[in-house]
Structures are given as structure tokens and as C-alpha cells.
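These notes are about the structure you will find just below.
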Amino acid sequence: MEEPTKAIKEIHPDPSATSGVHPMENLLRMERMPHIWCPTCGIGLAVTAFTAALTKANIDTNKMSIVSGIGCTGRVAGYVKLDSFHTTHGRPIAFGTGIRVANPGIKVVVFSGDGDLIAIGGNHFIHAARRNIDMLVICVNNFIYAMTGGQVAPTTPLAAYATTSPYGCVEPPFNIPYIADSAGAVYVARWTTLHVRRLTNSITEALQKTGFSVVEVISPCGMYYSRINRLGDGLDMMRFYHDNVEIRNGEDTKNLDIGFQTKIICGKFVDRERPSYMERYNQWLSEVKGARGEG
Amino acid sequence: MKANPKHVLTGVYYIDGDVASGYGAMAAGCRFIAGYPITPSTEAFEAFCRWGPQVGAMFIQMEDELGSISAVVGAVWSGIKSMTITSGPGYSLMMETIGYGAMLETPFVLLNIQRGGPSTGVPTKTGQADMMQSRWGSHGDYELIAFAPESPQEMFDYTIRAFNLAEKYRCPVMIMSDECVGHMTEKVVIPEADKIDIEPRRFYTGPPEQYLPFKPDPDLVPKMAKAGDGFKLYITGLLHDEKGHPVSNEEYSMKYVKRLVDKIRLNKDKIIELKEENTEDADIVVVSYGISSRVAVKGVEIARQRGIKVGALRLVTVWPFPDEKIAELAKKTKAFVVPEINYGQVVFDVARCVHGQSNIVLVPHGGAGVHNPADIADAIEYAAKTDKQIEGVVEFKTRLEKLVFEGGFKLKE
Amino acid sequence: MKFWRKPLDLDKITVPHGEVHIFKDRCKGCAFCVEYCPKDVLDMSEEFNIKGYHPPYVKNPDDCLECHLCEMLCPEFAIFVTLKEEEKSAKVPINKGEK
Amino acid sequence: MAEIRFAGYGGQGIIRSGIIVGKAASIYDNKHGTMSQSFGPEARGGACSSQLVVSDSKVLYPYITVADILVAMSQAGYDKFEAELGDDGLLIFDEDLVEPKSPHGNIKTFAIPATRFAEQLGKKIVANVVILGFFTAITDVVSYEAMKKAIPDSVPEKAIDLNMKAFEHGYNFGLELLKKQKDPQK
Amino acid sequence: MNLITSIFNKGIETSGIERKRISIPSDIPFSPEVIEKLGVDYFHTARGRAIPFGTGLKLGNPDLRVMPVTGDLMTLGGNHFVHGVRRNMELLVICVNNFIYKKIDGKTAPSTANKFSPYSTFEEPFNFPHLGNSCGAVYTARWTALHAEELAASIAEAITKPGLAVIEIIAPGPNYYTDIDDIDENLLKFYFDNSIIKNDTNPREVGITPEDKIIVGRFTDKKRPTFIDVYNVQLGKTIGEKFTPYGVTQTEKKKSGGSDGGN
Amino acid sequence: MKADPKGVLTGSHNLSGNQACAEGALAAGCRFLGLYPIMPALEVSERFLERAPRVGATFIQMEDEISALAAVLGASWTGKRSMTVTSGPGLSLMMEHLGLGVMLETPCVIIDIQSVGPGLGLPTRAAQGDIMQSRWGSHGDYEIVVFAPSSPQEMFDYVIKAFNLSERYRIPVAVMSDAYLARLQENVVIPPAEEIDIEPRRYFKGETDKYLPFKRDKDFVPPMVKIGDGYRFHVTGLTHDDRGYPIMNEECQEYNVHPLVKKIRDYTDEIIEVQETGIDDAEVVIISYGTTARAALKAMEQARSAGIKVGSLKLATVWPFPEKRIFELAKKVKAFIVPEMNFGQLVFEVERCSIGKANVLFISHGEKGVENIDDILSAIRQTQQMNEVKKCIIELKKGV
């Protein structure tokens, strides 16, 4: 074996390469960097896409609030420089509903993980979709509970391993776009973290939509999901997405199941109009006031 | 009854408290765990998931804590022993169904690895601030049993004991461990199956037509039946009579709920487990439980070096509370020092039982760490030097508090 | 740069030229930027940063086309691209011409 | 009795190191070893440490009061726990990742390029086992034999060979270092 | 026994399943007399928790047939519902939908006095069969409580299904606080009159709206391996001979042929 | 600050406890109700919903109690005074978010209409079984303020006070009513808006980039801002520093959580409200709260007319517990009598504060005990025969 060599210092050809201001710094809490996500984790990419979309969508970011729950993705609220709330496990949608209903002038973005939104928060997810609360839900799906150390999630593909499915997952996973669609979401899209530009466009579009919009972001978890399943690290997952993603816009959401290392269908699946909760509420209010002669 | 050798992983292990508890559950005959991952309790669930299926046990990771505990109550009524595992926030979510389980007199075990709170708090670090919650957290009146183990070996032993007491008194039993013990790794000796005593469920064996699910035996505990045996069970969380049928008059609430409370209160001498050390001639008695009792060992040692006669009383069972023991000690003790990793919970019960006969010094700690033993020693010294009778609980000012609030301290990440 | 046919306005087109900026201590060595850079501008260095990871370095600075893909694909916000100063002025008349 | 602190980043196997030494001491050396851990929310890259108290009798107080040995695999870990080290303590660190200050008291310091060794052996992740080999050579907390039994117990089956190689590598490096220190001319 | 419970009785009878093997966890109160007559085990669970409670029962004793009856259309228990369906626990979920919509098919309902509506009056209700189907239910159907024959047949059919079957019963009245038999008959008649049977409709199209008639019928019936099946296959595969399949002793599996499991 | 006249229904009304509760909330400026229907709390939300369109208040019926309180916390951060209303089982579900409310220091009010527990219990019958839960029900350390009104008028008054204290100390405040009071119909006098004092929210006034969400004032209470005002703040349920950023060490835990306790414990004298009647010469003091206090007062009157010197200490705020006052009384009186609609909860606190100087008699009774004062009278008579202090709670035996 060779003798160890000393670390090579100063290999940057351009010494000024580390200076300057990152263009996303005005929307991020740079004082908190580096963030807690592991190397090759995809959540950072979802945040990049989100911040890029915020710039692109040209909306008043002062009138926005981002709510996250618990988990790796739950930390997003702490890094995005909006009015940001890091709430309890599974409840960001309920918390956001309160914000939205109490002050309809605020655009609410719920940014959280699959375990948070679909497992423990599944009820709030379907009910907010049913009510068509005006909010954008960005659900980062990495197929596992990563913050707690790699437990099986309701999105873990069949037969995939996790610490609480040491013999392979025995529960079929959720098809998030399908459930969002059937519960009544008005905008549903899915992208992987590799498709940053398309993801950015989708988020931009969804931000401008009125009603319950869901963007699912398939993200690598290089530390738990792919390590337990021997899939390499996040980079290998990105390569996998590159080879196995099929983009089918407008596909029927029932065909979007994800199996263990099978093809992933991405695209924008649902984009429709439905009266939102506040619209129905206001209509009700005017009826009530009208009936009482208070118009 | 003895444990089933199939379920006992006899041997010497170097494992942490969580895992030890998972193994303990298996040895105790637990056949079903429903859980939901939450730091720092996941290791116990994982240990069970890994070994359970090989001995015919079932596990399921539910969608949330509400689902977990409901599934556990359901599984118990199908006739097996069952358990759930959680930490603070999950524990809070379970509160409704814990009360429901108490109302149904369901024997199940709940392992709570406490962490720093309130709310999300410090997930990866310790706390003991759910102690009062374990006693009072659900609505309505009920009583239950809570253990506070201090080492991985005890996590194993008391998980088995928890199952036994749950079956014996048909009530939820809590194992109120904490992150320190849960993540502390030590040698754990798992004995042979024939050295492990198991309390079998008290099943009703008579004719189904005559079965009354809530008719108590003389020890106030009714016999159980399981679903699927043709008993035509009618079990409700509403107030019910001996048949289990709902009743809506107050007399029943006075009688039935009173029995729920009394079956623990009147049997408490059989349940309570304490460890005493040098309390006979002590001036000061340190009352502690869980990890705090191990930290207190050092504090007591320092205080003894300073020439103070200190005894220690360790609450192995925190609930039911040993009222009489404390009252008896209070007669001859000058003061009690209570170190807890919270800002005062069990200390109020100590204060209650002392009836003004001794002073009470609380050594608080907010969590995310354990006491500095020097604080405990100083508190002991303070208590020994104070001759005046003080009303109420004295909150000892710890080094940490002085540092943070008086020392011009700046937070660093 | 090669073209399959020579554009008529080739003399007016300037290929944008980017400059890559790397905060190497923010890097966690995922190598996404190196993998997906269409022009192979970046490569991993052998140096350890403060966290013990190998950050990327700019191997072929002249090849950068300011496509920003490395910026979009960096999960650590550790890399961004700017248009090179001298190129900016050159680009302005073309834009005008296009309008 | 020995109070040992392992400090580094999550992902370096800091906690696993504590478990291996603790297991070697308490199961194979018939001593008592209590290991407690502390880590942050990050799976990788967060500050992480484990503390191990090894004693011939039952460990009553499970935490470090004055550390005898500090094994530092990150600068942050070193900075945080250096002060805890007793005056006669012993410091072991990864020389690529830690730049130590001048030590207080009579602290002895030992450096090893563990991560670099591990990378050369094929996997960065065994850096902790390299350092454990080094630790075994330099300290007398646990016996070489006990460690050789404890490591295969604590790592995945497939990785046993690599880990044993890493362990031997660190151990031999430690022995040579000791020899060199005794006999500087060589 | 009243309307719904006598339908239950008939359904159970038709299915031929031994009554003592049936358990009903429910968050709606049943009267003791009804349970006595049904001859099943009954658990009145905490609000919304009938499905996880049933999950526990089923996993604790796979020989049981569990039939959770939930009220107030899965408000508190919505999450348990979607996850139960996803897992394909062997349960027959009966959802008593007591919604109040002032108008159906353009006609105004006779009475909207029920104050326990799970929805504010201006909210749209779930398309329950569609939601169940999208999560993977093996069987979905909807009937009003007056479709007695069809409903009983549905129950008989669904209770033997390997997997999670969903039957929505439109029956205004029963909820957490009122007995299963407390039905507002005027309203029920109104819903019955304004419903139309369309079997095998795509569940996507059966949402209840004020403008159209309520579509009832048996919508889907498909096969999917159940939780315990997949569990046994998967663990059998990975653990090998040491693994004893869970709950294979059950008698009925053999009788009905069950599903092969697998994935 | 004075109340907004829009929400104040000035005049004398015959209202039930629940209706008075809704009126109190509206008068206090509550403009958001997050609810999930549960017996016996329905009338509160019904009344609120009925009046909401005219007052300009909004509400949402959520899918469960968990989300109801979550929505309330979210709404509170938009600057609206918010509340939720529930009963025992619902309160149990809210426990996690009670902790979040404490950690985010979010002002809000929780109304709990207690009924018999545990489990589903008896939804229509009154009890006081949640009183310890209101203090200890969520995990972790915290202190909250809890009121226990005994009449519709008090309900109205104390709901307003609850809102004021929740704004003053930035905490969730609970008002513990019960199923009896919920139905009890009495005259409620609602004063004109200008006579109702309202504690305004303490807003941060400085520049947007200078705001630190948890930078505490001297009284440990940090000023607040609203969503959408450009402050771009971050708050988290994790242990956090002044900036609201999570930090995981014991110093930060002390820095963060100890003030949550201190901001109440150090101000107990300002918060605690007790109503004392005939205490001065009393030999026996009845300690009661909520509807139970009504029987206590009546029993006191009767005992006095029979020549026994009985006083009454009625706890308007149950938590924080008025321990100092009871320490004082313990030294003067022979015995405390504690009637409760449960099997012993607050009586343990009284036992603690009696410091072995006075006997503690406990009367456990159900809803009917509110009207039946005989038990209290027989307890009073029992105290007359007591010569020594027993070191335990003396439970009154009575036929059921």
C-alpha cells in the first residue's frame, strides 16, 4: 500500500472562485448553511427549484408563508427566507389551512416529505384537497423516513428494504398523484430532482394556480434508502432517474405507481379548475348575509 | 408461568436500552408491536421487527401514532400481548386512546423514550418531562403504572415486568425511559426462558352466556375474553356496566370509574418497587428515578465526601406514587433533594407526601443533557445547611441556569 | 464550436461565456455538478474541505457556456455561474438586433 | 477505569467505534463498559460523539467527568472536547481532519491519517476501524484479542474482511509509531 | 333491530361465515340487543379509530373476519382509511355516510336538521368509492340504506373478499353519538328516490353533486394480494425456512381459495 | 385597548354557558374559530358560526381536533385572535399542538367542555376530570393558564380574560367548563364595548431585518409579528435560539424552555385570581372551582347559619395554582374541604399546599353533586370532630 500523501492545497486555478453572492441568497437563510442534508440528498435540489420558481413566478414573496412538518424535508422552512413555520409531524397542511383561511391574502406553500404529508398527515392531505384549500404542496418523496434513520414509509416500494422492514417492504406504496387527484387536487405533477428545470416550471405554474396543487418530487436518499437497498449513493440514483424516467404529460394518474427500481413516469398530470374553499365560503357568506338582509 | 424458550434470545449482549426493551418484549411473550418511527425510540421497534417474525410475532408500522395505539388495543382484544413504542410528541398523540384503553381495561405496554420537550424540542437528546403526562395526560380519571428504568439491563427486565403487571391489573403500563437510557449501550444478560416469570392473561373459562366482561374478581380486576370465541362481546369506550353495555347514569360513573382508579390505588403496595440506600440514618434523602438516579450517584458521592449523611431513594415505579414511604421518611429526614430532567414534576408529589415535615429541594434541568453531579451535591449541601422550614418547593439554581441567564452567555450553534 | 451549417448571422452571435463560482466549504462532494455539466467544465478535486469532503474545481474554465445547470443541480447552494464581464457588453447588440 | 470520548461527524462511525470498544471490553475482556452517544439531527455531517466508561467494577455514573482519552475525527469535535481531556490524557486524531492546538498539561498526542488509509483500502467508511486499530495499539483499554472478536460482531458480514484489514492496518501503524517513539534513530 | 342492522344480519347470514368469527369495531354505537342478535363481537372504538382497531384485531388473530363500521364519513379516521386500503388489510369497511346536501338532482331535501355534519355546509364531500379505489380497494360499492336487498348481497359478497372492501351506505343520522338505527327516514327516502343504480361505473364518475342523481351500485371488484399474503411471501423469501408463515392456519383461506399472494 | 363594538352584543341576555362562551370570545375580539364538532361543546361553535358573518369572523370545521388546533395556531400568526372549542376526547387529541403552541409562544384559547371520562365516557354528563390534563397533558415542560368559570356570566368574563392573558404572556390559555355549565341558562350582562378591556398583541415595531422572533423582553415575553408583513421570520417547534433557529444543546434548551416556565411562574401573582368568601374567621375552608363552587358557596352559607365558621376559596384560575395563599391558610384553618367532580385531581395540589398543617377532606361527586350540598355539609360536620392533622387525604365515604 502506498504511503499517504498530504492533502493538496490550493488547486483552484481561480482564487476568486469562492467569492461572490449566490443568486438565491436573497431567498435563503444563508447564515444557516451548510444545511443538514446528507451528501447526494436531493432535497437541496427541490429547494433550488423552488427558489428559482419563486423568482420566476414574479409574486410578492412578502405575502407568502412556507410551512413544513418534521423530517428531513421538514427542515426546508428553516432554510427558505419567507415567513416560515416548522410545525409538528404531519400537520403542516392543517397549520397552513389556518393561515390561509384566517388571512386569504397569504399564499401558503407546504413543503414537506412523503412521511410527513402522506403517512401521518394523510388525512389533512386528502381533506385539504377535498376542500380545495388554496395552497401549493411540494412533497419530496424519497421512499423512506430518513430523519429517524431509514424506516419504511407508505411510499416505500414493495420488497424494498428499510430498518423497519428488514425482510423487505410488505405494503404496496401510495401513488401520490392518484390519491391527490381522487381527493380533488387541481394541479398534480411529478418530477425527479434530476429534472430541475421542468420542476421549476411546474412549481412556477402551480404557484400561479388557485386551489390545492401538488408537486411530487422524487428525490434520492443516498444515505438510507439507496444504502439499505444497495443502490449506490444519490449520484447513482440520479443516473437511474436519467435512464428510467419517462415523461408523459397528461397521463391518467392511476398509471403512476412506482415499483422497486421500475420505470418512473413523470410529468404534469392534472390541471383543472374547481371552486376553491374561499370561493365557496364567500359565496356562502353572501348567501347568509343576503338571507339576513345584511348584504 | 415461564417464558417460551422460542421467544427468549438467551445470551450476553452489548446492546442499547431500546434494543434491550425490544428483546424484553419478545421474552415477555409480546406477539404484536404497532409503531411509528420517532427519534429516539426507533431502535426498539427495529429490534422487534428484525427478530419478531422469526419467532412468529407480527409487527406493523402504522400511518401514525393514533393508528399504532388503536391497533395495539385491537390486537390485545384479539387475545395476544401487544405493545407500542414512541417518544414525547407521539405520546401526546396517543393520549386519547390511552384513556380509551384504560376505560376498556386493556392490558398493553407503552414504551416512551422521553426526549427534550415541549413540542418537537430536542429529538436526539434526553428529558424526563413526560412524567406527569404519563399520569395525567388523558382526559377523565384513570390510574396506571409507570416504570423508570436506569440501565439497558433494567430496560429488559422491566419490559417483562411491565407486561406482567399489565396482565395482572388489566391496565396500560408505561415504561418511561429516556433517550440516555435508550441509547446507552451496556452489557445485557438475557437469562434462560425458565428463569423468566410470565403472567398469563386471566381468561374467562366458563360458559359464554354467563360471561360478564367487566365483572371484577375480588382484586377488582375482571377476567378477559377474546374476540372470535363466540362471546358476543360488547365492548365500548362509553361508560358501561358489567356486561359492557353502555349506561348513562352518574351512579355508574361513580362506581365504575372509581373501580378503575381503585384497582391500582388499593393494590399499590404490591405494585410499587423502590430501591433504598442508606435512608435509615440519613439527614438528606435524594429521590430520583430513571437516568437521574444514576447521575445522582455521583452527586451523593461528592456530598458524602463533604461529610453529609445522604440516603437515596430510587423510584423504580414512579406511578403509583409511594405516598406512605415518602411520608414515613419525612418523619426523620431533614430534607429531600429531587433531581429531575424537567422544571419540576414528580417533585410536587414528593412535596405533597412530605406534609410540611421536611424541606424539598428541586434540582431542575431542562433536558438535552443530564445534571452536573456537582449541582446535585450543592443542592444536598444547601439542604443540609438550611434549618429553616421552607414552604413549597425550593428551585435550586443550577450552574447551567446561572451560566445561561447570568453569565453573559452567548448561544453558539 | 461546430455547426451543422454555418448560420448566416454567425458574425453577430457570441457564445455566452460563464464563470463558475464554488463555495468549497459548503460542498458535500455529491458530484452532481461534475456528472451533469454538459461541457465537462468541472471535476472533483483531491483536496478535503472543512467537512472532509472533496469539492469540485473548475477544470476547463474556458468551456463554460453559462447554462447554469450546475447551479440548479447543486443541493448545497455552493455553486453558481455568472456571465463573464467582457462577454456581457458583447452580448447587448445581439439582443437588440434580435428584437 | 478509563473514560473515553470519540468525536467526529455523523457518518464516520463514531458511535459504532464506542460500541466496538465497549463490547470488546465488557464481553470479551470481562470488564464493564457503558457507552452513551450524542448526535444531532443530521444523518451525515452533524457533530456526533460517543462516550465510553470502561471499568473493572459496575459503572455507576455513566458519563465522562475527566476524559482519559479523546479520539477526534473532526476539527469541531476536537475543539469541543479538547478541554474535557485531563492533564495526563491521551489524544488520538485524524491528521487530515484535525489541526490540534498545543496541548495542555502532559497530554500525549498521536496522529494517524485514518481517512486517507481507509480510502486507500477501498472505503472511506472504515476510517473509524483504522483508528480503532491504532487506539488498541497505543492504549491498554482493551486487548487486541478482544477487539479482534468484537469487530466481526459489529459490522455487516460482507464487510468483515475489509474491517479486519483496516483494523490490522491501524494497529500496525500504531505499533510502529510506538517503536519509532521509543527508538527515534531508527 | 332496525333497518341497517337487519341488512347486516342478512348479509352475514348469506355469506355463511360463522358469526362468532366476525368482529365489528365501530365508532357508531350499536345497541347491545342488536349485537346479541347479530351474534358477533362488537367494539365501540374511539372516534374514527375503527379501522386501526380492526387492523389490530385482524393481525392479532388472522382467523377473524373484521368489519369496521365507521360513521361521519372518515373525518377523523380518513388517514386510517387510506392507509388501511393501501395495505389491503383484510377488512370490510362499511362507511355510513350521513352527509347532508341540501339539493340532489336539483330537488331540495326535506330536512337538513342534522347538526353533526362532518362538513361545513359549503364544502364538497369526498367521492368515497373513488378515493377507496385509488388507494387500491379490492371492492367498492355504494347503496342507500333502502336498497336492502342489494346492500345485503353486497355485504355477503364483500365480507369474504381477501383484501379491503369498501361499502358506502347512505343513511342520514347515525354518527358517533347516535345509534346505528337512528335514521332520518324522510331524508333517506329522498336520497333513495333520487338515486340510480349503475353497476360497474368508473368510481371516478360517482361523486355526489347537487345537480345529479346519486349513483349507487357495485363499482369495482378486483384482486390484489392482502397484507398478510404479501407479508408471508416476502418474509418467506428473505428469511427462508426459519420463517413460519403468519396466520396460515385459518380455515377460510383454504375454503375460498384465497389469493396466492406475492408481488 | 377597548373591545371592538362589532363583536360585543351589549345588553342583558339569557344565555347558556356555551352561548356565553361564544359571546365572550367575539367580544374579546376572537375572529377565527377552528373547530371539530363534539358533544357537549356544539353550542359554542353554533353560536359562533351564527354570529360570525355579522362580526366579520371566520371559522373552519377541520377533519379532526388535531388539525383544528393546528389551524388555530396558524391563524393566530396571521394576527387574528383565535380559539378552538372541544371536550375531553378532543382535548386529548390536541395535546401535541398544545405543546407546539407553547413552544411557538402562540396566543390562542382552548375551551374545554368537560364530560365524564376516560375514553368516550359519558359525553353528556359533566365532570372535572380534565383539570390535571390541562396542566400536564402535553409532553415536555411548560406552564399554562387555566380558568374554571362557574356561571354563564363568569364564562363570558373569563373567556375575555383568557384572551387577554394569552396575548399578554403569549401562551395558549384554557377555559375549563363542563357539560353542566354548558347547558346552564342564566342571565348574562354584556357591557358596552368601551367597558371591556382588551390586551392588544405586543407587536414588534422595528425594521423588518432587525426582528428576532424569540428575543424576549424583560418579562420573558417576546413581541410578535404577523405573517405577510415582510419580516421573513422562522419559528420552529424544535428548541431554538432568539432567531427561531433550531439549536440542539442543553444550554439552548435551558435558554429556550426555562423562560417558558418562568414567564408564568414569576408572574403568578398577576395571573392568579381567587374569590374568597368568609375566609377571615374561617375554621374550615372549602376550596372549589368551576360549577362545583356553586354548591360550595351554598353549603358554606348553610353551615354558617348553623354556626360553623366556614369560608370559601373559589379558584377562578386553577393553574397556576395559588399555592402561596393556601400555605397561608393552612396555618390558620383546621381543614380544607375539596369537592370535585372526579376521583381526586386538584385535591392532591391542596394536600401538597396544606403542608401538614390542616386536614384535607376530599369529596368525589358526579354531576348531581352540583345541586346536592349534603355531602359538603357532612364533610364540614366531620371536620368538627377532628383534633389532629392526618397526613393523608381523607376521603368522604358516602353511599352511591
Side-chain angles (χ1 to χ4, degrees), chain B residues 6 31-34 50 52-82 84 96-101 103-104 106 108 208 213 225-238 240-241 243-246, chain E residues 18-27 29-66 76-77 79-80 82-84 86-87 89 227-228 231 235 238-239 242-247:
Chain B
K6 217 174 99 186
R31 295 276 67 85
F32 179 74
I33 286 191
R50 183 154 286 279
Q54 303 201 1
V55 299
M58 186 70 175
F59 68 91
I60 186 170
Q61 184 181 315
M62 293 297 282
E63 56 274 12
D64 53 22
E65 283 89 352
L66 304 157
S68 304
I69 186 134
S70 302
V72 161
V73 176
V76 170
W77 278 97
S78 79
I80 57 177
K81 293 187 184 180
S82 135
T84 183
E96 188 192 12
T97 312
I98 289 174
Y100 174 76
M103 192 66 161
L104 261 53
T106 311
F108 65 83
K226 57 180 192 258
D229 282 357
F231 283 96
K232 297 185 191 174
L233 292 174
Y234 189 101
I235 308 293
T236 172
L238 290 166
H240 45 257
D241 58 15
K243 275 184 275 181
H245 296 174
Chain E
E18 220 181 330
R19 284 173 188 255
K20 72 172 192 182
R21 281 178 50 220
I22 297 177
S23 281
I24 299 184
S26 167
D27 51 17
F30 281 58
S31 68
E33 296 74 35
V34 166
I35 295 304
E36 181 64 31
K37 280 185 193 146
L38 285 178
V40 300
D41 291 328
Y42 167 76
F43 297 91
H44 185 197
T45 69
R47 300 164 308 147
R49 314 290 166 224
I51 294 173
F53 194 100
T55 302
L57 281 171
K58 179 75 193 173
L59 291 180
N61 180 358
D63 222 17
L64 296 176
R65 303 295 325 179
V66 184
L76 277 147
N79 204 25
H80 307 306
V82 292
H83 284 271
R86 175 178 66 81
R87 287 189 190 104
M89 281 321 294
F227 177 84
I228 294 180
Y231 179 88
L235 269 69
T238 39
I239 298 182
K242 261 167 90 194
F243 176 68
T244 337
Y246 194 79

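Protein chains get the first letters and strands the later ones, always in sequence-line order, with residue 1 at the start of each. Everything numeric here is computed off the predicted structure, so don't read it as measured data.
- The part of K226(B) that comes within reach of chain E is its backbone (N, CA, C, O), which places non-hydrogen atoms under 4.5 angstrom from that chain.
- Within the 4.5 angstrom heavy-atom criterion, no atom of A225(B) approaches chain E.
- Looking at S26(E), there are no atoms closer than 4.5 Å to chain B (heavy atoms on both sides), in backbone or side chain.
- Annotation: maximal heavy-atom pairing with chain E below 4.5 Å, among S70(B), A75(B), G99(B), occurs at S70(B).
- With a 4.5 angstrom heavy-atom cutoff, I80(B) touches chain E only via side-chain atoms.
- The CD1 atom of I235(B) sits 9.0 Å away from atom NE2 of H245(B), with the distance rounded to the nearest 0.5 Å.
- Across G56(B), A57(B), P53(B), S82(B), the residue that shares the most heavy-atom pairs under 4.5 angstrom with chain E is P53(B).
- Each of I60(B), D64(B), T97(B) has some count of heavy-atom pairs under 4.5 Å with chain E, and the biggest count is that of I60(B).
- Across all their heavy atoms, D41(E) and G228(B) have their closest contact at OD2-N, 2.6 Å.
- Looking at A227(B), both its backbone and its side chain come within 4.5 Å of chain E, counting heavy atoms on both sides.
- For a residue to count as touching a neighbouring chain, one of its non-hydrogen atoms must lie under 4.5 Å from one of that chain's; by this rule V72(B) does not touch chain E.
- Proximity of Y231(E) to M58(B): side-chain heavy atoms (C-beta onward) are separated by under 4.5 Å at one or more points.
- Chain E forms the most heavy-atom pairs under 4.5 Å with one residue out of G230(B), S68(B), P208(B), G79(B), and that residue is G230(B).
- Among I35(E), N61(E), T55(E), T45(E), the residue making the largest number of heavy-atom pairs under 4.5 Å with chain B is T45(E).
- Scored by the side chain to side chain donor-acceptor pair (under 3.5 Å) test, R86(E) finds E171(A), H83(E) as partners (sequence neighbours excluded).
- Proximity to chain E (any heavy atom under 4.5 Å) is restricted, for Y100(B), to the side chain, taken from C-beta onward.
- Here the CG atom belonging to D27(E) is positioned 12.0 Å from the CZ atom belonging to F53(E), to the nearest 0.5 angstrom.
- Taking 4.5 Å as the limit, every side-chain heavy atom of V34(E) sits out of range of all side-chain heavy atoms of Y42(E).
- Of the two parts of D229(B), only the backbone, made up of N, CA, C and O, holds a non-hydrogen atom closer than 4.5 Å to a non-hydrogen atom of chain E.
- Of all the heavy atoms in T236(B) and G244(B), the pair that sits closest is CG2-O, 3.2 Å.
- In terms of the side chain to side chain donor-acceptor pair (under 3.5 Å) criterion, residue partners of H240(B) (sequence neighbours excluded) are, by chain and number, Y256(B).
- Taking the side chain as every heavy atom from C-beta outward, R87(E) and E63(B) approach each other to under 4.5 Å.
- With chain B as partner, the option from I239(E), L59(E), L235(E), T244(E) having the largest number of non-hydrogen pairs under 4.5 angstrom is L59(E).
- Contacts of P25(E) with chain B are absent, with no heavy-atom separation under 4.5 Å from either backbone or side chain.
- To the nearest 0.5 Å, atoms CZ (R47(E)) and CG (L76(E)) are separated by 5.0 Å.
- Each of G56(E), G39(E), A50(E) has some count of heavy-atom pairs under 4.5 Å with chain B, and the biggest count is that of G56(E).
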